[in-house]
Amino acid sequence: MQLKVSTISDNLSFIIKKKLGTEVHRSEPIQPLLKQENKIADRHGVAPKYTFDMSDSLQQRAQKRQRLALLRKQQNIESIMALALEYCPQTSAEQEPDPDWVERFISLAEDSSNKKMQKLWAKIMMGETTKPGTFSYKSLLTLKQMTQKEASSLQLCSSLSARSPIDNGSLILLGYYKKPSLFSFLRLQNKSHLNLSKAGLNFPDILTLIDIDIIYGQEIESAELKFGDEYKLNFKNIELTLKAKTSGLVLNYYKLTQTGNELTQLSNTSINNQFKQQLESIFARDFEFSWK
């Protein structure tokens with residue numbers, strides 16, 4: 001059986017019919033008496049090549065498009081709310097979300113037709129219902145404007161980020177260096193860096209995360225760690241304790257913004273395996289590891 005191949009114009013015509021609720025047709029051949037006028041219109045780029053179905057008036061077509069848009073929004077928000085109910089834990093609720101927050105949520109989420117994005121909206125609704133104040137209006141706006149590609153970058157960020165009790169937020173560890181001293185001055189050139197691209201987070205992804213206000217644009221350094229000091233990192237499914245084998249060690253990392261802290265909660269992804277292997281390999285010289 002031979003499958004029919006759709007052309008680009010076929011696809012666009014389908015979108016027009018779905019979104020506007022009307023058919024579109026190729027214009028009729030130009031009448032002989034109008035050839036000259038249409039040639040002039042062609043030169044100025046105003047001659048229509050396609051016309052819409054005129055069986056309904058312009059007002060009727062506009063009203064039909066509005067009805068279709070309302071139906072799509074209703075379908076979207078119903079799908080999101082149904083998913084949110086599936087995600088809800090069976091625990092008692094202490095308080096309800098702010099009514100104004102719920103109204104804002106609906107007005108922003110109802111335009112989302114993509115199934116993957118709907119899951120993110122549903123998790124936000126569940127999270128806010130479970131613990132009101134978890135997600136800010138700014139995070140809702142960020143998700144509203146997020147493309148599928150940006151959502152993929154957010155997913156990668158979640159698999160590399162960890163929460164640090166010391167830094168009061170989430171971060172992506174980049175590496176470390178040892179501060180120079182009288183006996184270790186030459187070792188400054190041996191800075192140890194993690195290769196995030198090997199873990200799937202390329203430089204364009206980092207720029208994207210900075211642009212959508214998920215991470216801050218500048219690298220940040222930790223306080224100096226002395227011999228025996230411990231630095232804890234809580235990944236989604238595991239806790240890492242780094243114990244300094246020597247003094248003068250400083251960690252480098254990207255710090256997540258408040259919006260980043262909130263939206264990375266939507267993913268339950270485990271720590272990236274390639275990232276975990278790099279950590280153990282590169283940090284082994286100056287740190288003891290403890291996973292639990």
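Numbering of residues begins at 1 and proceeds along the displayed sequence. Everything numeric in this text was worked out from a predicted model, so none of it was measured.
Defined by atom type and a distance below 3.5 Å, a donor-acceptor pair is missing between the side-chain atoms of Ser267 and Lys236. A donor and an acceptor atom, one from each side chain of Ser139 and Glu262, are located under 3.5 Å apart. In this structure, a donor-acceptor pair under 3.5 Å is present between the side chains of Asn76 and Ser113. Side-chain atoms of Tyr177 and Glu221 form a donor-acceptor pair, as typed in the model, at a separation below 3.5 Å. For Asn261 and Ser170, the side-chain atoms include at least one donor-acceptor pair closer than 3.5 Å.
Contact check for Lys191 versus Asn252: no side-chain heavy atoms found under the 4.5 Å cut-off. With contacts defined as side-chain heavy-atom distances shorter than 4.5 Å, the pair Leu249/Lys226 does not qualify. In this structure, the side chains of Cys157 and Ile214 come closer than 4.5 Å at one or more pairs of heavy atoms. Under the 4.5 Å side-chain criterion, counting only non-hydrogen atoms from C-beta, Gln148 is in contact with Asn114. For the pair Ile106 and Met81, the minimum side-chain heavy-atom distance is below 4.5 Å. The shortest side-chain heavy-atom distance between Pro89 and Met126 falls under the 4.5 Å cut-off. By the 4.5 Å heavy-atom criterion applied to side chains, Met146 and Met117 are counted as neighbours.
Using a 4.5 Å cut-off between side-chain heavy atoms of Ile, Leu, Val, Met, Phe, Trp and Tyr, with links allowed through other members, Leu83 and Phe135 fall into different hydrophobic clusters. Transitive grouping of hydrophobic side chains (ILVMFWY, heavy atoms separated by less than 4.5 Å) brings Leu156 and Ile210 into a common cluster. Leu194 is connected to Trp291 through a chain of hydrophobic side-chain contacts under 4.5 Å among Ile, Leu, Val, Met, Phe, Trp and Tyr, so both are in one cluster. In the hydrophobic cluster analysis, where Ile, Leu, Val, Met, Phe, Trp and Tyr join through side-chain heavy atoms closer than 4.5 angstrom, Phe289 is grouped together with Ile238. Trp101 and Tyr87 fall into different hydrophobic clusters, defined by Ile, Leu, Val, Met, Phe, Trp and Tyr side-chain heavy atoms under 4.5 Å apart, directly or through other members.
Aromatic ring centres of Tyr176 and Phe287 lie closer together than 6.0 Å. Separation of the Trp121 and Phe105 ring centroids falls under the 6.0 Å cut-off.
Of the possible polar contacts, none joining the Glu110 side chain to the Gln74 backbone as a donor-acceptor pair under 3.5 Å is found. Looking only at distances, a side-chain donor or acceptor of Gln278 sits under 3.5 Å from a matching main-chain atom of Asn195. Of the possible donor and acceptor atoms, none in the side chain of Gln66 sits under 3.5 Å from a partner among the backbone N and O of Gln63. Side chain of Asn272 to backbone of Ala199: a donor-acceptor contact under 3.5 angstrom is found. A side-chain donor-acceptor contact under 3.5 Å links Thr134 to the backbone of Lys131. With hydrogens and angles disregarded, a donor-acceptor distance shorter than 3.5 Å links the side chain of Lys123 to the backbone of Leu266. For the pair Thr208 (side chain) and Pro204 (backbone), a donor-acceptor distance under 3.5 Å is present. Checking side-chain atoms of Ser197 against main-chain N and O of Asn202 turns up no donor-acceptor pair under 3.5 Å.
Considering every non-hydrogen atom in both Tyr253 and Leu173, the closest pair reads CB-CA, 3.9 Å. Of all the heavy atoms in Ser164 and Leu233, the pair that sits closest is CB-CD2, 4.1 Å. The two residues Val250 and Ser222 come nearest to each other via the heavy atoms CG1-O, 3.5 Å. The two atoms that bring Tyr254 and Gln218 nearest to each other are CD2-O, 4.2 Å, heavy atoms only. Here the shortest heavy-atom pairing between Asp205 and Leu201 reads CB-CD1, 3.6 Å. Considering all non-hydrogen atoms of both residues, Leu140 and Leu108 come closest at CB-CD1, 3.6 Å.
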Practice item. List the steps and the verdict of salt bridge (Lys or Arg N to Asp or Glu O under 4.0 Å) for Arg72 and Asp111. Key: CA-CA 8 Å; Arg72 282 193 297 273; Asp111 288 321; over 6 Å; no
Check your understanding: Between Lys245 and Glu288, does a salt bridge (Lys or Arg N to Asp or Glu O under 4.0 Å) hold up when you go through it step by step?
Key -> CA-CA 7 Å; Lys245 294 180 182 179; Glu288 294 179 8; over 6 Å; no
Practice item. Using the side-chain contact (heavy atoms from CB on, under 4.5 Å) rule, take Lys178 and Thr246 through it: C-alpha gap first, then chi angles, then the decisive distance, then the call. Key: CA-CA 9 Å; Lys178 182 175 175 62; Thr246 183; 3.2 Å; yes
Practice item. With side-chain contact (heavy atoms from CB on, under 4.5 Å) as the test, would you mind laying out the steps for Leu174 and Leu196 before giving the verdict? Key: CA-CA 8 Å; Leu174 298 175; Leu196 298 185; 3.5 Å; yes
**Study point:** Thr241 vs Tyr231, side-chain contact (heavy atoms from CB on, under 4.5 Å): CA-CA, chis, key distance, verdict
**Key:** CA-CA 6 Å; Thr241 300; Tyr231 194 92; over 6 Å; no
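Distance check, rounded to the nearest 0.5 Å: OG1 of Thr147 to CD1 of Ile212 gives 7.5 Å.
Applying the side-chain contact (heavy atoms from CB on, under 4.5 Å) test between Leu256 and each of Thr264, Leu209, Leu263 identifies Thr264 as the sole match.
Around atom NZ of Lys232, more than 12 heavy atoms belonging to other residues, nucleotides or ligands sit under 6.0 Å away. Under a cut-off of 6.0 angstrom, the local environment of CZ in Phe227 is sparse, with at most 12 non-hydrogen atoms contributed by other residues, nucleotides or ligands.
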